[in-house]
Amino acid sequence: MSNFVNLDIFSNYQKYIDNEQELRENIRIVVREIEHLAKEAQIKLQIIHSDLSQISGACGLARKQIQSCAEKYHKLAELVPTGQYYRYSDHWTYITQRLIFLIALVIYLEAGFLVTRETVAEMLGLKTSQSEGFHLDVEDYLLGILQLASELSRFATNSVTMGDYERPLNISHFIGDLNTGFRLLNLKNDGLRKRFDALKYDVKKIEEVVYDVSIRGLSSKEKGQQEEQAAPATE
C-alpha cells in the first residue's frame with residue numbers, strides 16, 4: 001500500500017524551521033549586545049540629573065557607546081536576508097527607538113536642537129531608504145524622539161533643584177516646538193498616536209516648572225523685569 005503523504009517533505013520543512021530558528025537566535029545575540037551598549041550609554045547620561053557640570057563628559061562617553069552600536073547594526077545588516085527587514089524587525093525595533101532617544105538627548109545637551117533622522121542614521125550606520133536595505137524606519141525615529149520629551153521634563157525639574165533656572169525655559173521652548181511639529185503630522189500608527197497623546201502631559205509638566213520659576217522670580221529674565229518695575233521713573 002502506497003503512502004498518501006510524502007513524508008520526505010517534512011524533512012525539508014524541518015530544515016527550514018531549523019535555519020529560521022538559528023537565524024533568529026543569531027539576531028537576538030547581536031541585539032542583546034546593542035541593548036548592553038545602549039544601557040551603558042543611558043547610565044552615563046543619568047549624571048545630568050544630579051551634576052550639571054558633568055554634562056559634556058557624559059555626552060562624550062555616551063557617544064562612544066553609540067559608536068560601538070553602529071558596528072553591531074552592521075552585523076545585523078549582514079544577517080538579515082535581502083528584502084526581509086520587516087520580517088525580523090520586531091527583534092530590534094524597541095532598542096533602536098531607545099538609541100534614537102539617547103542620540104537625540106546627546107545632541108540636545110550638546111547643541112540645543114533636534115537631531116534629524118539622517119544624522120541618527122549616520123551615527124548608527126544605517127540607511128534612510130527602505131530600498132537600500134537595512135534602514136532607520138521613520139516611525140521608529142518619531143517614537144524615539146517622543147521619548148526625549150519625558151526625559152527633558154524630568155531634566156527641567158532637576159535643573160531647578162540644582163539651581164539652574166534658565167534651562168527649564170529653554171526646554172519649554174524646545175518641547176513646545178516639538179509639540180507643534182508633531183501636530184502637523186497625520187498619525188495613523190496606533191502606538192505612535194498614543195505616545196504622542198502622552199506628549200501633552202510632558203508639556204504640561206514643563207510649563208508648571210517654568211511657571212514656578214517665573215512666579216518665584218528665580219530666572220534672570222524675571223529678575224530683570226522685576227528690577228525694571230521697581231526702579232523709580234526718571235523725568
Side-chain angles (χ1 to χ4, degrees), residues 7-46 58-108 110 114-148 150-151 185 187-196:
L7 299 181
D8 291 339
I9 65 175
F10 285 93
S11 297
N12 295 329
Y13 294 155
Q14 186 59 52
K15 291 178 182 178
Y16 170 82
I17 292 172
D18 291 343
N19 291 336
E20 179 74 4
Q21 289 177 340
E22 181 181 1
L23 174 57
R24 288 187 178 274
E25 180 57 30
N26 289 335
I27 290 174
R28 280 191 286 267
I29 290 172
V30 178
V31 169
R32 283 195 289 268
E33 293 173 350
I34 295 175
E35 289 172 343
H36 176 73
L37 291 168
K39 182 179 179 180
E40 289 296 316
Q42 187 163 6
I43 290 173
K44 302 298 183 185
L45 289 170
Q46 287 306 298
C59 288
L61 293 173
R63 276 182 173 273
K64 291 181 180 179
Q65 302 299 320
I66 292 168
Q67 185 177 1
S68 296
C69 287
E71 300 173 6
K72 304 302 180 183
Y73 274 106
H74 180 70
K75 291 175 64 176
L76 274 181
E78 292 180 333
L79 286 171
V80 177
T82 303
Q84 298 189 38
Y85 175 92
Y86 286 106
R87 179 177 181 177
Y88 301 98
S89 63
D90 58 300
H91 288 288
W92 58 76
T93 292
Y94 175 77
I95 190 58
T96 298
Q97 294 171 7
R98 198 66 179 165
L99 278 167
I100 293 165
F101 148 65
L102 292 172
I103 291 172
L105 179 59
V106 168
I107 297 299
Y108 175 78
E110 291 178 338
L114 178 65
V115 68
T116 65
R117 175 171 166 250
E118 290 73 18
T119 298
V120 173
E122 181 180 354
M123 292 178 69
L124 293 178
L126 303 176
K127 307 297 184 181
T128 55
S129 173
Q130 182 178 344
S131 63
E132 295 180 290
F134 208 95
H135 63 285
L136 180 61
D137 186 81
V138 173
E139 291 181 351
D140 285 342
Y141 167 75
L142 294 174
L143 282 163
I145 293 302
L146 284 170
Q147 292 182 37
L148 177 65
S150 297
E151 188 73 6
L185 302 177
L187 302 176
K188 296 182 179 180
N189 177 294
D190 288 340
L192 187 54
R193 187 169 61 250
K194 289 178 181 178
R195 186 62 191 83
F196 169 64

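Predicted model only: the values in this text are computed from it and were never measured.
- Annotation for Tyr94: atom OH does not count as buried by contact number, only 12 or fewer foreign heavy atoms lying within 6.0 Å.
- Checked for salt-bridge contact, Glu78 and Lys75 miss the test: no charged N lies under 4.0 Å from a carboxylate O.
- Arg98 contributes no side-chain N or O that, together with a main-chain N or O of Ala38, makes up a donor-acceptor pair within less than 3.5 Å.
- Annotation: side chain of Asp140 is not in contact with side chain of Ser89 (no heavy-atom distance under 4.5 Å).
- Classification of Arg87 and Glu20 as a salt-bridged pair holds, one side-chain N sitting under 4.0 Å from a carboxylate O.
- Remark: Glu122 CD is loosely packed, at most 12 non-hydrogen atoms of other residues, nucleotides or ligands lying under 6.0 Å away.
- Under a cut-off of 6.0 angstrom, the local environment of NE2 in His36 is sparse, with at most 12 non-hydrogen atoms contributed by other residues, nucleotides or ligands.
- Rounding to the nearest 0.5 Å gives a distance of 12.5 Å between OH of Tyr88 and CG of Leu76.
- Heavy-atom contacts from other residues, nucleotides or ligands closer than 6.0 Å to CD of Gln67 number 12 or fewer.
- In this structure, CG on Leu148 lies 13.0 Å from CG on Leu143, to the nearest 0.5 angstrom.
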Residues His135, Tyr141; criterion ring-ring contact (aromatic ring centres under 6.0 Å, His included); working and verdict: CA-CA 11 Å; His135 63 285; Tyr141 167 75; over 10 Å; no
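- Salt bridge annotation for Lys15-Asp18: absent, with no cationic side-chain nitrogen under 4.0 angstrom from a carboxylate oxygen.
- Checked by atom type, the side-chain pair Asp137/Tyr85 shows no donor-acceptor distance below 3.5 Å.
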